[in-house]
Amino acid sequence: MSNIDNERIDEQARVDRLTGLIRDRINGLRERTGGIRGEIVNIRRDFWDDVTVNFEDSAETAETYASMKQQAELLSERERSHRHMTEQLSTLERLKNTPYFGRIDLIDEADSGAKPDVIYLGVGSLLDDSGEEYLIYDWRAPVSSVYYDYGPGPVSYETPAGTVHGEMTLKRQYIIRDGKIRSMFDTGVTIGDELLQEVLGKGSDAAMKSIVATIQQEQNAIIRNERARLLIVQGAAGSGKTSAALQRVAYLLYRYRGVLTADQIVLFSPNPMFNSYVSTVLPELGEQNMNQTTYQQYLEHRIGKDFAVEDPFTQMEYSLTAMDDPDYAARLNGIALKSKAGYMELMDRYVEQLGESGLRFKSIVFRGEKLISGKTIEEKFYGLDRSVSIPNRLRSLIRWLLKELTELAKLEQKKKWVDEAIELLDNESYAQAYEELSKKNKFSEHSYNDFDSERGYLAAKVVQEKFKKLRRRVKQGAFLDVPAIYKALYRPNAAVVKGYESNSSEWRRISEITLDKLEEGVMPYEDATPYAYLKEKLEGFHTHTTVRHLFIDEAQDYSEFQYQYLKRLFPNSKFTLLGDFNQSIFAHSGTGEIFHSLSSLFEAGETERITLYRSYRSTRQIVEFASRIIDGGERIEPFNRNGAEPTLTQAASRKELPAAIAERLRMMEKAGYESVAVICKTAEEAKAISEQLAPIYPGLRLIEKETVTFEKGNVIIPSYLAKGVEFDGVIISDASEGAYSREEERKLFYTACTRAMHELHLCYYGQLTPFLQ
């Protein structure tokens with residue numbers, strides 16, 4: 001028997017021992033957690049029976065307090081134990097079928113004559129029965145970084161105690177399934193192609209999977225970066241940006257356990273469906289999910305009460321379909337203008353001007369009558385010290401308004417409507433009034449003012465209840481008319497824009513288009529951030545000071561203005577931005593040059609950039625095909641996984657496209673693919689194709705911007721909603737010149753093609769898109 005065979009037998013024997021140990025511990029922990037859970041239930045149920053409650057004197061009160069404290073501490077200790085055991089059980093469950101995926105043999109430089117330390121890496125740690133020796137190291141442990149960054153030879157790694165130097169004598173990788181070693185091989189620096197082939201050759205799934213067994217050296221640099229305040233990751237489609245970001249979250253939670261929690265990390269994702277797609281990665285690694293939202297959801301939370309906020313997909317649909325609109329050029333120019341950092345400077349000048357004049361205030365109205373006019377509020381505001389900031393002056397104004405409302409409430413009590421409201425009160429209210437007045441000795445036998453006292457009490461109660469809403473709105477600053485203030489910026493002859501764009505006919509047309517939308521109650525997407533910024537500058541910033549890390553996926557889809565705004569909202573956060581300028585498809589984000597203009601966000605030396613050139617998602621044939629669509633595509637390196645060449649299918653006419661698409665769907669269904677996307681350019685086209693395919697290929701799910709869950713299966717989806725998601729196979733519904741010909745559509749076409757893992761098929765009629773000619 002060869003040495004290799006003997007080693008495999010020894011390695012399998014170790015796996016058998018560990019899986020047996022893990023199963024035994026799982027059984028023991030289940031029994032113990034069940035017992036502790038029962039204890040917790042009993043303590044909670046019998047809590048007051050086991051506590052001596054007596055407040056007769058100070059000694060008894062002290063004994064009561066001690067008894068309650070003892071019982072509460074017992075309950076808290078039992079709950080901590082249960083939580084700790086549950087976490088242990090979760091780790092063991094993740095390890096039981098695949099205890100580890102890698103091994104490194106290390107000799108510490110200080111012990112050069114000693115035998116190598118044999119280190120096995122898994123998705124969690126496992127100690128021996130003594131609790132002193134690691135049988136498996138968590139992939140996030142400091143020593144584990146050596147596995148991802150080095151091959152056999154000299155190595156070094158950072159620990160809390162400093163840098164450790166040594167030599168790696170062996171690096172081995174395993175594919176272990178259900179406790180059996182299916183494959184093992186020794187390798188160099190990169191994670192072996194065999195393991196990647198095994199992972200990447202599988203079909204796509206309804207949820208993104210953890211990649212800890214296949215993390216590459218450049219991805220490890222992203223995951224373990226602790227220095228940069230701004231980490232920019234530019235990566236080709238399918239290069240593992242998002243996966244690396246999620247492993248980075250898991251690493252940070254491990255590295256700063258007890259200091260950093262999941263609710264101090266925020267992820268801005270491209271759409272609600274994407275949140276569903278990535279929601280399982282962190283729980284797979286035993287960590288809680290961080291806060292996930294979209295930028296659109298945040299905007300709606302902040303300004304949705306003032307306007308209906310247009311989303312970026314509606315803006316995108318306009319830019320792709322409304323070329324015949326006479327306002328099209330002006331709208332796109334407005335989008336570009338309002339996305340620049342310079343537009344924030346305009347807003348700053350506007351706020352400075354508003355400190356002197358121009359703020360609009362709503363009258364405080366009650367029952368159709370003005371209690372305090374907007375003009376009176378304005379005069380009071382501008383009568384305050386003008387060297388004080390607007391938010392601080394507004395706080396002073398709120399205090400004054402609340403005092404005024406108190407006095408006005410007393411006057412309101414004498415009005416006729418109050419008597420009518422008193423007559424409608426129930427008996428309980430009268431009884432409560434009698435009881436309260438009796439306590440205050442307001443009632444006396446045969447006193448002539450009994451009725452007046454009762455009426456006064458009830459009148460005060462009625463008015464106070466009705467004024468509650470007024471007072472609450474005043475405290476919220478609702479009397480400040482921010483929508484009117486924002487609209488004034490676009491009125492003719494707005495002073496602040498003089499010398500900026502005020503004499504330009506283009507600015508006048510942009511202003512007219514903007515005002516038309518605002519008067520309809522709709523906030524254009526390009527105006528939403530400037531408006532939110534103005535609102536914050538006037539009312540005071542609602543900063544999120546507890547958030548320590550902000551992750552932004554599809555970062556190329558944000559504008560300069562939006563990044564400057566986010567920096568102010570999250571002043572204590574480190575930023576991790578992940579994107580691909582070749583997938584910059586939104587009008588407000590320009591051509592992707594945003595990555596080159598973010599250095600102003602942080603101090604010099606606080607920004608780091610990492611570029612990922614290698615694409616893992618798609619076969620070599622698909623990557624090479626898609627790379628020819630874009631400038632600089634030759635720099636993208638395909639992973640060496642072979643598959644079928646992309647195909648072009650020409651239909652006789654536009655009417656014949658659905659039949660061609662259906663035929664491709666049937667072929668991929670026969671091949672066993674479970675996740676196929678028909679990618680259309682726009683939502684309008686997706687809806688039309690869905691209706692046309694329904695009779696000849698039923699069962700396709702139409703994905704729309706409102707779709708919140710990503711499910712496995714065959715779908716029809718607009719190109720811009722497919723970003724960040726992958727499918728076994730992709731059919732481009734229309735790759736004709738009529739669909740994709742404008743230069744600003746090139747990256748959209750590239751994005752659609754790069755969603756395919758195994759097969760890519762393009763249907764067209766007439767002339768093929770010039771991007772492929």
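Because the structure is a prediction, the values reported are computed rather than measured.
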### Message
Regarding D631 and K747, does a basic nitrogen lie under 4.0 Å from an acidic carboxylate oxygen?
### Response
no
### Query
What class does the angle between the rings of Y295 and Y298 fall in, given that below 30° is parallel, 30 to 60° is tilted and above 60° is perpendicular?
parallel
### Task
Please work out which of the three classes, parallel, tilted or perpendicular, describes the rings of Y558 and Y563, given edges at 30° and 60°.
tilted
### Task
Sequence neighbours left out, what passes side chain to side chain donor-acceptor pair (under 3.5 Å) with D580? Give chain and number order.
Q234, Q583
### Query
Is there side-chain contact between I104 and L170, with heavy atoms separated by less than 4.5 Å?
no
### Task
Go through the structure and list residues passing salt bridge (Lys or Arg N to Asp or Glu O under 4.0 Å) with R32, not counting sequence neighbours.
none
### Shortest non-hydrogen contact from L135 toward Y120
O-CB, 3.9 Å
### Query
Restricting to pairs with a member in residues 125-144, which pass ring pair (Phe, Tyr, Trp, His ring centres under 6.0 Å), not counting sequence neighbours?
Y134-Y137
#### Entry: Partners passing side-chain contact (heavy atoms from CB on, under 4.5 Å) against A228 (at least two apart in sequence or in another chain)
N225, L231, E608
### Query
What's the verdict on salt bridge (Lys or Arg N to Asp or Glu O under 4.0 Å) for E287 and R140, showing C-alpha distance, side-chain angles and the deciding distance?
CA-CA 12 Å; E287 302 291 355; R140 297 166 290 185; 2.8 Å; yes
### Query
What class does the angle between the rings of F639 and Y616 fall in, given that below 30° is parallel, 30 to 60° is tilted and above 60° is perpendicular?
tilted
### Summary
Residues passing the salt bridge (Lys or Arg N to Asp or Glu O under 4.0 Å) test with E554, sequence neighbours excluded, are K723
### Task
Please report the C-alpha distance between I222 and L612 in whole Å, then the side-chain angles of each, then the deciding distance to 0.1 Å, and finally whether the side chain to side chain contact (heavy atoms under 4.5 Å, CB included) criterion is met.
CA-CA 10 Å; I222 297 166; L612 304 177; 3.8 Å; yes
#### Entry: Pair R628 + E624, salt bridge at N-O below 4.0 Å
no
### Listed partners of K567 passing side chain to side chain donor-acceptor pair (under 3.5 Å), at least two apart
none
### Query
Does NZ or CZ of K171 come closer than 6.0 Å to the centre of the six-membered ring of Y147, within 45° of the ring's axis?
yes
### Task
Return the set of residues passing side-chain contact (heavy atoms from CB on, under 4.5 Å) with S145 (not counting sequence neighbours), or none when no residue passes.
D149, Y157, N220, R224
### Query
For Q292 and S269, does a side-chain donor sit closer than 3.5 Å to a side-chain acceptor?
no
### Message
I'd like to check the side chain to side chain donor-acceptor pair (under 3.5 Å) partners of E167; sequence neighbours left out, ordered by chain and number.
### Response
none
### Query
Where does the angle between the aromatic ring planes of H758 and Y673 fall among parallel (under 30°), tilted (30 to 60°) and perpendicular (over 60°)?
parallel
### Message
Tell me every residue that passes side-chain contact (heavy atoms from CB on, under 4.5 Å) with E93, counting only those two or more places apart in sequence or in another chain.
### Response
I26, R30, K96
### Query
Taking all non-hydrogen atoms of both residues, which atom of I223 and which atom of A244 are closest, and how far apart?
CG1-O, 3.5 Å
#### Entry: For R255, salt bridge (Lys or Arg N to Asp or Glu O under 4.0 Å) partners two or more places apart
E226
### Task
Could you check if a side-chain atom of E132 sits within less than 4.5 angstrom of a side-chain atom of L127, using non-hydrogen atoms only?
no
### Task
Quick one: list whatever passes salt bridge (Lys or Arg N to Asp or Glu O under 4.0 Å) with E11, sequence neighbours left out.
R103, R172
### Message
Going by side chain to side chain donor-acceptor pair (under 3.5 Å), name the residues that satisfy it together with T576, two or more places apart in sequence or in a different chain.
### Response
R248
